[in-house]
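FYI, side chains are in, hydrogens and waters are out, and symmetry mates aren't considered; it's all heavy atoms of this structure.
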Amino acid sequence: MSLIIISLVGFSFFMLRDKQVNATTHEVKDKQVASYQNKRIFAAIYEFKDKDIDYVKEYFSNKNKETKVLAVSNWADLMNALGNQNNQTAKIIYISGTIDMNIGSNGKTLTAADYANGAGYNFATYLNTYNPTKYGKKMPTRTQEIARDKAPKNQAKQIQYKVPSNTTIIGTNNAKITGGNMIINGSNVIVRNITFENAYDYFPQWDPTDGASGNWNSQYDNLTVNGGSNVWLNHNQFSDGSPTDNKNGSYYGREYQHHDGLVDIVNGANNVTLSYNQLQNHDKSMNIGNSDSKTSDLGKLQVTMHHKHFDNLIQRQPRVRFGKVHIYNNYYSATNSSIYKFMYAFGLGKQSQIYAQNNTFDVPTASINDIVKVFGGTNFTDNGNLLNGKQVDGISKLTKLNPITFSPNHKASL
């Protein structure tokens, strides 16, 4: 696949080869990227136009005969187009319309009952067995937990789909993937112009050791970069969709939460760029690194995030462990009426470094103390950020953090 890769402190920003890119100002002169008048605020999600799709198709048809071009509109076609992880052939996959990952190859919509069939799992029995008032604060084990664990494994076989190396996935005709978990563990992958909604785990696990009162945890993200490298996520939307967390009820005094992350970057993933995306209406939005014990992530998890809209999110925007992350020109918004109440933006975790530049926060309930939450990290640099219309430089001094030790090797007009 023909790509230009511009290095941003080891981070990668991709464009098709015959586009013009000014690496000094980060200006991209490209039919496919929207111009923006206010470079401090992300204004809107840009949609491909038909002529842009035709342009890309013509480019690869005429100049890159070795690149496969495929069009899909349902679960079966998507899975066939992706193939297995050994499918390293350069390919462009166009997704059209809505693909519900819970609809199987026979057209049947699969439900919790289908996934739990034969597992022996019964939710009422599970609740009775592990009620903290009698079971205590220890992790569930034995019959019902074993049965619960079997059911999501059945679900995972249906809704998780892996993207192999050298793959570009482009949405057309209001492309949407709902109920699924895209997993990128290959290299040289582009995903753009797709709405991702409702990676819904039917079988949350009770963890009484998570926090002071325990929590219900789910395992599927809308998109996971799991060890992948040279990945570009551009002009996508991510959200819980219509089944918001407040509709699930509460058990053991804790919300029965069916969603995990919107976008997670984990397990040694590296050189990832996220640009012009919208993340909306969610709790645990974005992990970069997922374990304090995974020291193998050191030297990896290098990520650039720019011109993204974080809207009505509670936390992890993102939360970082071990990674070096450059976050600039992003727009954070939240409303008092949202069911997702803002807690914090940046989570500074173990041996991580965050460089936050020229981000705008319109969050009426937030103070400067809510921008960064420290989870053992010590390196944070900030400049040019606005909170509710006022400059808020000096967050690092307020929280007694050290400056970052890396230097972005590009100069951007912010």
Side-chain angles (χ1 to χ4, degrees), residues 1 13-16 30-34 42 44-50 52-57 60 69-82 91-103 159-164 166-186 188-200 220-226 228 230-242 259-265 272-282 285-286 305-311:
M1 186 173 295
F13 179 80
F14 300 12
M15 291 305 298
L16 294 174
D30 179 357
K31 293 180 182 179
Q32 301 167 4
V33 178
F42 178 94
I45 297 293
Y46 177 75
E47 295 267 342
F48 268 118
K49 307 300 182 185
D50 289 341
D52 299 325
I53 296 298
D54 293 340
Y55 177 85
V56 178
K57 286 182 179 177
F60 281 101
V69 180
L70 306 157
V72 304
S73 58
N74 58 55
W75 179 91
D77 288 347
L78 175 60
M79 302 304 281
N80 287 335
L82 291 170
K91 66 192 79 65
I92 302 176
I93 300 172
Y94 293 94
I95 293 179
S96 178
T98 298
I99 297 178
D100 185 340
M101 297 302 291
N102 286 294
I103 297 180
I159 71 164
Q160 289 187 324
Y161 54 113
K162 296 182 178 181
V163 179
N166 306 318
T167 301
T168 292
I169 303 177
I170 299 173
T172 66
N173 299 321
N174 299 312
K176 178 188 292 187
I177 297 176
T178 183
N181 179 191
M182 176 182 284
I183 300 174
I184 299 173
N185 50 14
N188 301 324
V189 173
I190 299 171
V191 179
R192 59 183 304 182
N193 212 49
I194 298 172
T195 295
F196 294 87
E197 282 186 358
N198 191 28
Y200 191 91
Y220 306 124
D221 310 316
N222 276 308
L223 189 150
T224 311
V225 184
N226 185 20
N230 298 343
V231 176
W232 182 30
L233 308 178
N234 179 250
H235 289 113
N236 302 295
Q237 294 176 279
F238 303 89
S239 78
D240 286 351
S242 58
H259 300 108
D260 190 16
L262 290 178
V263 180
D264 279 8
I265 301 170
V272 180
T273 293
L274 302 95
S275 57
Y276 295 90
N277 299 289
Q278 183 177 46
L279 283 71
Q280 186 177 37
N281 297 337
H282 191 78
S285 308
M286 188 176 183
M305 300 167 51
H306 67 89
H307 296 94
K308 293 162 59 68
H309 185 188
F310 296 85
D311 182 40

Note to self: When you measure from the side chain of His282 to the backbone of Asp311, do you find a donor-acceptor pair of N or O atoms at a distance under 3.5 Å?
What the structure shows: no
In terms of heavy-atom contacts, Trp75 and Ile99 come closest through N-CG2, 3.7 Å
Ala81 and Leu70 have their tightest heavy-atom pair at CB-CD1, 3.8 Å
Taken to the nearest 0.5 Å, the spacing of Ile92 CD1 from Ile170 CD1 works out to 5.5 Å
In terms of heavy-atom contacts, Gly180 and Ala199 come closest through O-CB, 3.4 Å
* Asked: Hey, does the side chain of Asn185 reach the backbone of Asn226 with a donor-acceptor pair shorter than 3.5 angstrom?
  -> no
ask   = Any donor-acceptor pair under 3.5 Å linking the side chain of Asn234 with the backbone of Ser275?
value = yes
message = Check whether Asn80 reaches the backbone of Leu78 with its side chain - one donor and one acceptor, N or O, closer than 3.5 Å.
response = no
Scanning both residues in full, the closest heavy-atom pair of His235 with Asn277 reads N-OD1, 3.3 Å
When rounded to the nearest 0.5 Å, the distance separating CG of Leu279 from CD of Gln237 is 10.0 Å
Output for pair (Ile93 CD1, Thr167 OG1), nearest 0.5 Å, gives 5.5 Å
NZ (Lys176) and OG1 (Thr98) are apart, to the nearest 0.5 Å, by 5.0 Å
Between Asn193 and Thr172 (side chain of the first, backbone of the second, donor and acceptor by atom type, cut-off under 3.5 Å), is there such a pair? no
ask   = Is it true that the side chains of Asn281 and Asp240 contain a donor and an acceptor less than 3.5 Å apart?
value = no
- How are the rings of Tyr200 and His259 set relative to one another: parallel (under 30°), tilted (30 to 60°) or perpendicular (over 60°)? perpendicular
So CG of Leu82 and CD1 of Ile183: to nearest 0.5 Å the spacing works out to 11.5 Å
- Does Asp221 use its side chain to pair, donor to acceptor, with the backbone of Gly261 at less than 3.5 Å? yes
Tell me whether the rings of His307 and Tyr276 are parallel (<30°), tilted (30 to 60°) or perpendicular (>60°).
parallel
When every non-hydrogen atom of Met101 is compared with those of Ile177, the smallest separation belongs to CG-CG2, 3.8 Å
Between Asn181 and the options Thr224, Asp264, Asp260, the side-chain hydrogen bond (donor to acceptor under 3.5 Å, both in side chains) test singles out Thr224
> Side chains of Met305 and Phe310: does their closest heavy-atom pair fall under 4.5 Å?
Replying inline: yes
Separation between CD1 (Ile194) and CD1 (Ile169), nearest 0.5 Å, reads 6.0 Å
Quiz prompt | Stepwise side-chain contact (heavy atoms from CB on, under 4.5 Å) check, Phe196 with Val191 | solution = CA-CA 11 Å; Phe196 294 87; Val191 179; 3.8 Å; yes
